[in-house]
*Asks:* 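Structure in structure tokens, see below.
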Protein chains: 2
Amino acid sequence: MTEAEIAPRPPTAGEHEAYCAVERQLAILLRRANAFSAGMGRKVHPELDPGAYGLLVRIEQSSPMRSSDLAAYLRVGRATISRQLKGLEELGLISRSPDPEDGRAHLLALTPEGSRRLHDARSAREGQLRTLLAAWPEEDVRLLGRMLERFNMLTEGLNL
Amino acid sequence: MTEAEIAPRPPTAGEHEAYCAVERQLAILLRRANAFSAGMGRKVHPELDPGAYGLLVRIEQSSPMRSSDLAAYLRVGRATISRQLKGLEELGLISRSPDPEDGRAHLLALTPEGSRRLHDARSAREGQLRTLLAAWPEEDVRLLGRMLERFNMLTEGLNL
DNA sequence: ACTACTTGGTTGCCCGAAGCAACGATCAAC
DNA sequence: GTTGATCGTTGCTTCGGGCAACCAAGTAGT
């Protein structure tokens with residue numbers, strides 16, 4: 001506890017353990033990510049596939065936006081986004097209008113129907129999370145949210 | 001802070017906000033999960049695909065184990081596990097020996113080579129995490145690890 | 001002991017997600 | 001105005017994963 005401050009760079013044993021724990025738990029979570037979000041999405045709405053939910057969330061909070069930005073934000077190629085957006089447009093959940101300032105780009109926005117569906121899905125997911133975290137005190141839930149937010153912010157500007 | 005204990009069930013406004021924050025950040029993390037673990041795995045070892053890492057971790061800490069248990073733990077079907085294990089066996093990273101107590105089951109274990117590769121990959125991943133979390137004080141890293149662990153434990157016995 | 005059901009594991013078939021490359025269309029710069 | 005970069009879309013492929021069928025091996029019922 002005393003030598004930690006003296007040596008800022010050498011790989012401390014306790015430091016190693018802390019990173020290793022994060023690495024371990026993150027590996028578990030990421031490995032289960034598919035099954036988890038599928039499980040969440042399945043109960044929310046059969047037709048609104050799990051992947052689409054993440055798109056709608058982002059579109060809502062940053063519309064109007066271009067699909068390239070969405071792709072960069074989610075760390076996937078533009079091709080993937082394009083296909084998923086096509087599906088969402090056919091379902092009438094989003095609209096793609098040409099950007100008046102850039103003839104190449106399209107501006108994305110939620111339709112009223114899309115907005116309604118998103119809010120339904122969100123409250124359903126919140127309900128599932130509520131039952132999952134039922135045993136936690138509210139303060140811990142809040143803390144988990146903050147830690148996840150901080151972690152997500154780290155990967156924001158990164159092209160890893 | 002006073003009324004929370006009195007009313008254990010009504011959906012408090014602050015409570016709602018807390019769950020909503022977790023839901024939001026979790027959605028982001030899960031949506032990026034593919035790209036993230038792919039990014040981690042790519043730099044670790046080109047031939048050891050990202051999904052395999054999670055299997056090796058679990059096999060190491062719980063060997064000898066059966067593939068069904070592995071499937072249940074990772075929330076995927078036995079078919080998926082079977083295929084991935086076949087690949088790992090062909091690479092010489094794991095061994096599947098018949099269970100002496102149950103003629104149907106196979107017992108999984110890491111080979112020395114598999115153990116070596118796993119440790120290499122783990123320290124590489126820890127290194128990446130270290131650069132990612134470089135700005136965090138050690139205590140926060142530890143806290144993140146604990147919160148993730150608690151969250152993962154919630155989904156442990158669950159068949160969601 | 002013979003049959004019937006259950007469980008562990010593998011394989012075939014299919015689907016969805018995602019990357020890569022190529023393309024048309026549109027800016028931007030020189 | 002020609003060249004180069006950028007935005008979006010589409011074909012092709014790969015990979016992960018679910019579903020169902022199957023075999024082998026336990027387990028239970030009679």
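All chains are named by letter (A, B, ...) in the order of the sequence lines, taking the proteins before the strands, and each is independently numbered beginning at 1.
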*Asks:* Between B:R24 and A:E149, is there a salt bridge with N-O shorter than 4.0 Å?
*Replies:* no
*Asks:* Using a 4.0 Å heavy-atom cut-off across all strands, classify B:D102 as base, sugar-phosphate, or nothing.
*Replies:* sugar-phosphate
*Asks:* Among B:L85, B:L108, B:L118, whose side-chain contact (heavy atoms from CB on, under 4.5 Å) with B:L55 holds?
*Replies:* B:L85
*Asks:* Regarding A:G51, tell me which of base, sugar-phosphate or nothing describes its non-hydrogen contacts under 4.0 Å with the strands shown.
*Replies:*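 Here A:G51 touches no strand at all.
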*Asks:* Need one value for A:R83: base, sugar-phosphate or nothing, where a base atom within 4.0 Å counts as base even if backbone is also close, heavy atoms only.
*Replies:* base
*Asks:* D:dG17, OP1 or OP2 - any side-chain N/O from B:T80 closer than 4.0 Å?
*Replies:* no
*Asks:* To the nearest Å, give me how far apart NE2 (A:H106) and C1' (C:dT26) are.
*Replies:*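 Rounded to the whole Å, the gap is 10 Å.
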*Asks:* Ignoring hydrogens and angles, answer whether the base of C:dG8 and the side-chain atoms of B:R66 contain a donor-acceptor pair closer than 3.5 Å.
*Replies:*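 Per atom types, no contact qualifies.
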*Asks:* Could you tell me how far apart B:L70 (CG) and C:dG9 (C1') are, to the nearest whole angstrom?
*Replies:* 13 Å
*Asks:* Quick one: label B:N34 by what it contacts on the DNA or RNA (base, sugar-phosphate, nothing), any heavy atom closer than 4.0 Å.
*Replies:*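 Touches sugar-phosphate only.
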*Asks:* Under 4.0 Å from OP1 or OP2 of D:dT9: is there any side-chain N or O of A:R96 that close?
*Replies:*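 It does, given that an N or O in the side chain of A:R96 lies less than 4.0 Å from OP1 or OP2 of D:dT9.
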*Asks:* Taking OP1 and OP2 of C:dC23, is either one under 4.0 Å from a side-chain nitrogen or oxygen of A:R104?
*Replies:*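 It does not, given that no N or O in the side chain of A:R104 lies less than 4.0 Å from OP1 or OP2 of C:dC23.
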*Asks:* Does OP1 or OP2 of C:dG9 have a side-chain N or O of B:K86 closer than 4.0 Å?
*Replies:* no
*Asks:* Using a strict cut-off of less than 4.0 Å between a Lys/Arg side-chain nitrogen and an Asp/Glu carboxylate oxygen, indicate whether B:K86 and B:E90 qualify as a salt bridge.
*Replies:*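 So B:K86 does not pair with B:E90 through a salt bridge.
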*Asks:* For B:A33 and A:A33, which heavy atoms make the closest approach, and how far apart are they?
*Replies:*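 Smallest heavy-atom distance, with atoms named: CB-CB, 3.5 Å.
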*Asks:* Round to a whole Å and report the spacing from CD of A:E101 to C1' of D:dT6.
*Replies:* 16 Å
*Asks:* Nearest whole Å is fine: how far is C:dG19 C1' from B:D49 CG?
*Replies:* 16 Å
*Asks:* Under 3.5 Å, is there an N or O donor on one side and an acceptor on the other linking the side chain of A:R31 and the base of D:dG17?
*Replies:*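 Per atom types, no contact qualifies.
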*Asks:* Is the closest basic N to carboxylate O distance between B:E126 and B:R130 below 4.0 Å?
*Replies:*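 Yes.
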*Asks:* Output yes when at least one side-chain N/O atom of B:Q84 is less than 4.0 Å from OP1 or OP2 of D:dC15, else no.
*Replies:* no
*Asks:* May I ask you to say what A:A79 touches in the nucleic acid, namely base, sugar-phosphate or nothing, with a heavy-atom cut-off under 4.0 Å?
*Replies:* base
